[in-house]
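The structure appears right after this line, and notes come after that.
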Amino acid sequence: MDLATRYSHAEVETRWYEHWERCGYFRSVPDEREPFTIVIPPPNVTGVLHMGHMLNNTIQDILIRKARLDGKNACWVPGTDHASIATEAKVVRWLRDEKKLRKADLTREQFMEYAYQWKDKYGGIILQQLRRLGASCDWSRTAFTMDKGYYEDCIHVFVDLYRKGKLYRGLRMVNWDPEAKTVLSNEEVIYHTETSQLYHIKYPITDASAGEGIVIATQRPETIFADVAVAVNPKDARYQHLIGKSVRIPLIERPIPVIADEYVDMEFGTGALKITPAHDPNDYEIGQRHQLPMLDILTDDGRLNERCEYAPLVGLDRFEARKRMKGLLEEGSYLVKLEDYTTNIGRSERTNAVVEPKLSLQWFVRMSELGAPALKAVLDREVRFYPENFQNLYRTWMENLRDWCISRQLWWGQRIPAWYLRSEPLNEETHVFVAMTAEGALEQARQITGNPHLTLDDLRQDEDVLDTWASSWLWPISVFDGFRKPDGEIRYYYPTSVLVTGWDIIFFWVARMIMAGYEFRGEKPFHAVYFTGMVRDKLRRKMSKSLGNSPDALKLLDDYGADGVRYGLMSSAAAGNDILFDEKLCENGRNFCNKLWNALRLVKGWQIAEMPENEAAARRNALAVEWMRTKLSQVLKSVEEDFTSFRLSEALLTLYSFIWDDFCSWYLEIIKPGFDKPLDRATYEATLDLFSDLMIALHPFMPFITEEIWHRLRERAPGQDCMVQHYPKASAFDPTLIEQVEAVKALVTRIREVRNDYQIKPREALTVWVENSPSAQALFDRKGLTEIACKLAVLSQLERTDTEPAGAKSFLSGTEKYFVEIHQQVDYQAERAKLEQELAYQQGFLKSIEAKLANERFVTSAPPAVVENERKKRADALARIHILEETLAKLPA
RNA sequence: GGGCGCAUAGCUCAGUUGGUUCAGAGCACCUGCCUUACAAGCAGGGGGUCGGAGGUUCGAAUCCUUCUGCGCCCA
């Protein structure tokens, strides 16, 4: 076989992905096997592959491929999220740039048609990109949160919750995004510390006898027109005489009362607080307590409206108005002080506009009842979190649930199935008809109003759509048709096995899916949640498009191959830990591929003979194979445990070092035949089998190269692909052999060290003796071990001796004393220094062990195995010290 | 202001229920090698009193308290 010295991934990866897909390996249909199900966290339909996706989906693919190899019916459902606000923004921009259309000029229906057009043309690119990564999703199941069926499910759930009294419409303080002109949930508001200015403004007192005025502090001077009171703390001596009096709002002279409320912090600002219930959540609360009116002075796009009563500012943007206020207040001598001030400003996650608290009529889900079973499930480990400490975060949030505002003032999304009477616009709060269809709503309207003559034209549907998360929380149910066919295949696939997602959406999505699972199916949506960390750059910044610090995912795949990138991501990605991404890690992955490739070249390059070269080779190879099989069992056992506890990086690193170090550096070197010599068939076949097993074991992590090598190792029948084999199972193994080989490895290393020290050529054969002792005997009685040592250390002989050979350098390895013939003057001075250092270490070591063993309480309270082990350590140390002392004594001065 | 988490080699991090010669890996570094699989490699090596202090224990990187320094979430 003529193979290039470097592995090239490009052709291999596309070829195998196509092959797997053609063979239908990704497809899952219910059968008698145990299911293993994952639903993808649907990326935004507008999304393109970034580092976070690659990490997240690599993990899912590893779990899915492993389950498939374990003989389970693995089903990974892909899909995308319609991402209402993000996508609508994209579509609006596209319409403007490409079609020269403005949203305002389109009807809702026209807009939706364009939006679907856009989605079909540009949406879901990311699903194509996931294929490059090797994702073995069942593409035939690709779902989309705006698919017809999915849409219906959302509507069904809305109606269901409404009927159950878990959904209501109400006037509440909400976070308003004046740019997108929509309400945002609390989770969609991002707080940053920003500097602004604190205005100290004097409100003149109506009753001049009580004083000149009261000074309040605010960062938003333009909102004074919406003030309905000034509040002070009832305990505040400074203001006692003013409580109950009234003050006048600067510029407009409207009188407002001075009230007392515990909420007011006497230390903050001047201790007097302007109360603006329509534009501040805390003021809203105070307003409610004191039955104050609410005055909304802002338009939906953040401009002052006529209710502010100050004509010069009507129509101005809130920030422009703020600027003008400064001059106006100064002019009227109302501005007492202006100071710089740092505070947390909330901005819209999507548009980055400063969020305005605003009073608004919206739809809310009552969270208290939904939250209870979802919290319990996690605390009872019914749904297990990996890592477990995310439970804390989850609990804190779940214990402080606030009602969820699920209406959004957008078009791209599921339109809220609520209808109102056109003739009674003011009665919306009472005359709401919630139904699956307009006809259903009409039916209700007729009954409730008692007017049988009402027609569809008398009804008007709510203009708003659902919050995106109010569709994605149904994902694990809806993708299996759980609402429309509750007894269909969902009974097989649900609850899903594991959810893999970033911890940043634990509230947005994870918590709500758990709630939806219990609410609509009476069962958890998944058994486990694996939280991935955030991928950060070397400066610990979250990778984002706006920072431009994210490497181009596709370029990484080009440069290092999917296997290399998967390795790079996984090698440093313990669950829940953020990873500082470094391309260097992908380079390691690529190098590993090359290592595997070259191991293949080596093995396939050998000539084969029916019989071993000689007795020695036969023994050597037989033991090597036995050792490798034993070690493989040990490794598989540990890999299996790692998978059970989702310690995927551990599993990968275990396999990596087993393959690189044990298989390549030791095993292949042991059995490697001499120049132009053949390898015996038995060893060759065993090696191919071992190599094949290694490829299956590594396949979940690095699917492409393992498939390629699997096929190059042997001629495989059609359908005999690596990805559909059985994962190798650990069998019972005897650790003694592993220990013995480790002893030989240590010996070989010591001999190589001697070569380095004395500059003896690697190929120059050396003669080595081991001092006769019971332990030396026990070690080298193992058939084949001596031959292995000779091969690896390049020895002409390794024999036991009772006498010290002349002109040899001695050294200690394990508990044995060895002599190596070096044909040159031994540097006794250096030798003595080395031995003394070693002796000092061993004596210290011995001392610590003896202290332990002399301790009565240790011997009585520690487990017997631990004590026994300490005794063995003592015996070994004593043996070593004896040898060292003896050697030192005999050393020429 | 409330809560959560982190601190281990120059860098990035593992280290599971406290117990094996347990102080590890990769990268970086040093020395020697283009040895007939692989220089994307091979052989060998140096480097950390596990953030500080105290405590529990026969035994602590691991458990507890506290301090310091970071990070994050919520208000």
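Letters go in sequence order (proteins before strands), and every chain restarts at 1.
Using cut-offs of 30° and 60° on the angle between ring planes, the pair Tyr394(A) and Phe385(A) is perpendicular.
With respect to the salt-bridge test (charged N to carboxylate O, under 4.0 angstrom), the residues Arg874(A) and Glu870(A) do not qualify. Ion pairing between a basic and an acidic side chain is recognised when a charged N comes within 4.0 Å of a carboxylate O; Arg220(A) and Glu356(A) show such pairing.
Between the side chain of Lys817(A) and the main chain of Ile883(A), no donor-acceptor pair closer than 3.5 Å is present.
Taking the P atoms as reference points, rA61(B) lies 7 Å from rC50(B), given to the whole Å. For the P atoms, the distance from rG54(B) to rG41(B) is 46 Å, rounded to whole Å. Atom name C1', nucleotides rC6(B) and rU12(B): the rounded distance is 15 Å, in whole Å. Across the C1' atoms, rA28(B) and rG48(B) are found 15 Å apart, a figure rounded to whole Å. Rounded to the nearest Å, the gap between the P atom of rG46(B) and that of rA25(B) is 12 Å. On the C1' atoms, rG45(B) is 33 Å away from rG52(B), given to the nearest whole Å. With both ends at atom P, the span from rU8(B) to rA53(B) equals 15 Å, rounded to whole Å. One C1' atom belongs to rC67(B), the other to rC29(B), and the distance between them is 35 Å to the nearest Å.
For Arg6(A) and Trp597(A), the positive end is not near the middle of the six-membered ring at less than 6.0 Å and at most 45° from its axis. A cation-pi arrangement, defined by a distance under 6.0 Å to the six-membered ring centre and an angle within 45 degrees of its axis, is absent between Arg347(A) and Trp176(A).
In this structure, Leu585(A) places its CG atom 8 Å from C1' of rU12(B), rounding to the nearest Å. Regarding Glu640(A), its CD atom lies at a distance of 17 Å from the C1' atom of rU16(B), rounded to whole Å. One atom, CH2 of Trp660(A), and another, C1' of rA25(B), lie 14 Å apart when rounded to the nearest Å. For Trp397(A) and rC74(B), the CH2 to C1' distance is 12 Å, given to the nearest whole Å. Put simply, NZ on Lys595(A) is 13 Å from P on rA40(B), counting in whole angstrom units. Here rA28(B) presents its P atom at 10 Å from CG of Asp582(A), a figure rounded to the nearest Å. Atom CG of Asp504(A) is separated from atom C1' of rG71(B) by 15 Å (rounded to the nearest Å). The nearest whole Å value for the distance from the CZ atom in Arg647(A) to the P atom in rU17(B) is 9 Å.
Listed candidates were rG3(B), rA28(B), rA40(B). Nearest to the side chain of Asn591(A) is rA40(B). Ranking rU20(B), rA37(B), rG5(B) by closeness to the Asn869(A) side chain, first place goes to rU20(B).
For Tyr530(A) and Phe643(A), the distance between ring centers is not under 6.0 angstrom. In this structure, Tyr656(A) has its ring center under 6.0 Å from that of Phe592(A).
Counting non-hydrogen atoms under 4.0 angstrom, Cys593(A) reaches nothing in the nucleic acid. Residue Gln759(A) is classed as having no contact, given no heavy-atom separation below 4.0 Å to the nucleic acid. As judged by a 4.0 angstrom heavy-atom cut-off over every strand, Asn594(A) is placed among the base-contacting residues. At a threshold of 4.0 angstrom between heavy atoms, the contacts of Glu399(A) with the nucleic acid are absent.
Between Asn392(A) and the phosphate of rG5(B), there is a side-chain N or O to OP1/OP2 separation shorter than 4.0 Å. Contact annotation: Lys672(A) reaches the phosphate of rA37(B) (side-chain N/O to OP1 or OP2, under 4.0 Å). For rA75(B), one of the phosphate oxygens OP1 or OP2 lies less than 4.0 angstrom from a side-chain nitrogen or oxygen of Arg402(A). Between Arg6(A) and rA40(B) there is a side-chain N or O to OP1 or OP2 distance below 4.0 Å.
Within residues 739-754 of chain A, the residues approaching RNA chain B are Thr749(A), Arg752(A), Glu753(A), by heavy-atom distance under 4.0 Å.
As the counterpart of rC63(B), rG55(B) is assigned, both hydrogen-bonding distances of the Watson-Crick or G-U wobble pattern falling under 3.5 Å. A 3.5 Å limit on both hydrogen-bonding distances identifies rC70(B) as the Watson-Crick or G-U partner of rG5(B). Shown here, rC34(B) forms no base pair; nothing in the strands shown gives a Watson-Crick or G-U wobble contact with both key distances under 3.5 Å. Checking rC29(B) for Watson-Crick or G-U wobble geometry (two distances, each under 3.5 Å) identifies rG45(B) as its partner.
Nearest-nucleotide positions on RNA chain B for Pro762(A) and Leu653(A) put Leu653(A) closer to the 5' end. Between Asn389(A) and Tyr7(A), the one whose closest nucleotide on RNA chain B sits nearer the 5' end is Asn389(A).
Between the side chains of Asp261(A) and Asn233(A), no donor-acceptor pair is found at a separation under 3.5 Å.
With contacts defined as side-chain heavy-atom distances shorter than 4.5 Å, the pair Met398(A)/Leu379(A) does not qualify.
For Glu669(A) against rA43(B), no side-chain N or O and base N or O form a donor-acceptor pair under 3.5 Å.
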